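Below you'll find the structure, written out as structure tokens, and then a few comments.
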Amino acid sequence: MKNDERPRNFKQDTLLTHVGRNPEANHGVVNPPVYHASTILSKDMAEWEAKRAAPPFTTIRYGLHGTPGTFALEELLARIEGGYRAMLMSSGLAAVTAPLQALLGAGDHCLMVDSAYGPARNFCDGILKKCGVETTYYDPLIGDGIAALMRPNTRVVYCESTGSLTFEIQDIPAIARVAHRHGAKVLMDNTWGTPYLFRSFEHGVDVSIHAATKYICGHSDVMLGAVITNEESFLPVRTAVAQIGHSAAPDDVFFALRGMRTLSVRLERHQKNAMQVARWLQAHPAVSRVLYPALPEDPGHEIWKRDFLGACGLFGFVLKPVAKEAVYAFIDALDLFGIGASWGGFESLIQPSYPQRTAQRWAAEGPLVRVHIGLEDPQDLIADLAQGLERLR
Ligand SMILES: Cc1ncc(COP(=O)(O)O)c(C=O)c1O
């Protein structure tokens, strides 16, 4: 994309390829160079003063607050999801906690989805409680029924769709309408949807949270968090992020920017492979049900189809009742599925899952398993699962 002001109306895949890089300013180099920096020098006092006088978070003045690479990735993330601006930090968990810290204080009330990523719950029950914030957990399928839980001091409604481990799709527009009527902000962990598959700001989200560690980086070798906000929420959240001292390492930012270039093609293949594996699992006699909203039989399918532009490769399945030892024997027998935390890389993963619930009991008929379907040939993954599931007997 040339450096000029001509009006442009490029589609998402074109933006993924061209936004956040500027070859003309970098000797023609395609990717922005990595700047390792703490001190950023000013050439004289006039420049020093100009940087101090500039609107906050718009200039490169100290490594903590971002290098050119940081600004480039932030620009691309915000553009793809349709937000105002983005900010980066060293992990997805930091991206979860920083906006909560920014927008809640003593005496406030937070509505937190019961299917949230476990450490998000821990933060509410630990640090936020110590700071005088009360949290109520709500059913992910509550929709506009959230109105009954709103209090005059409810400042934040926190969503995560799909839900961690259990993959419920939330009716975000319905929740957002109620939250906004009561003057509360809607925060959403959009890691599953990525900035590409769920354009959260079109559905009423104020602050979108990403573990960029997952699909944004996409290669299982980086820890990174990103928060994207609408205009109104930007300064309060960005200021808190600066006050806490969050920052992102330049090499990790570089990898994330590189990951973004192939995000849409990777996601397309993850979804295609995951659909094949999910359908095969649905038909397997040892499997009770598959939790993947891209399947027409999934209870969240209609809302997913309405709001999302696709699905990623992460889903769950419930086995028919069987002993824990048998589940472990099945997982241990697998050849291609790694046993490990995280997801969103190019490789397949598996783990048994134990949802934490307080609003409602998680009552499944059998053990729950989470899989991340990678970019391997799905026929090989299916054959591997077939031989592993033989061990259940
Ligand atoms: C939905 C979700 N949000 C946030 C995180 C935290 O990301 P990180 O591991 O980068 O701290 C994870 C990690 O697994 C996650 O699954």
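One-based numbering, in listed order, for ligands and for the atoms of each. Worth saying up front: this structure is predicted, and the values here are computed from it rather than measured.
Screening K320, Q282, E365 for a side-chain hydrogen bond (donor to acceptor under 3.5 Å, both in side chains) with S288, the sole residue that qualifies is E365.
The aromatic rings of Y292 and F315 sit tilted, their planes meeting at an angle between 30° and 60°.
Side chain of Y137 to backbone of A116: no donor-acceptor contact under 3.5 angstrom is found.
In this structure, the side chain to side chain contact (heavy atoms under 4.5 Å, CB included) partners of D335, at least two apart in sequence or on a different chain, are D384.
Under the 4.5 Å side-chain criterion, counting only non-hydrogen atoms from C-beta, W192 is in contact with W343. R85 has its side chain within reach of F71: a pair of non-hydrogen atoms, C-beta onward, lies under 4.5 Å apart.
Near ligand 1, residues S91, G92, L93, Y117, E160, S164, D189, T191, A211, T213, K214, M223, W343 come within 4.0 angstrom through at least one heavy atom.
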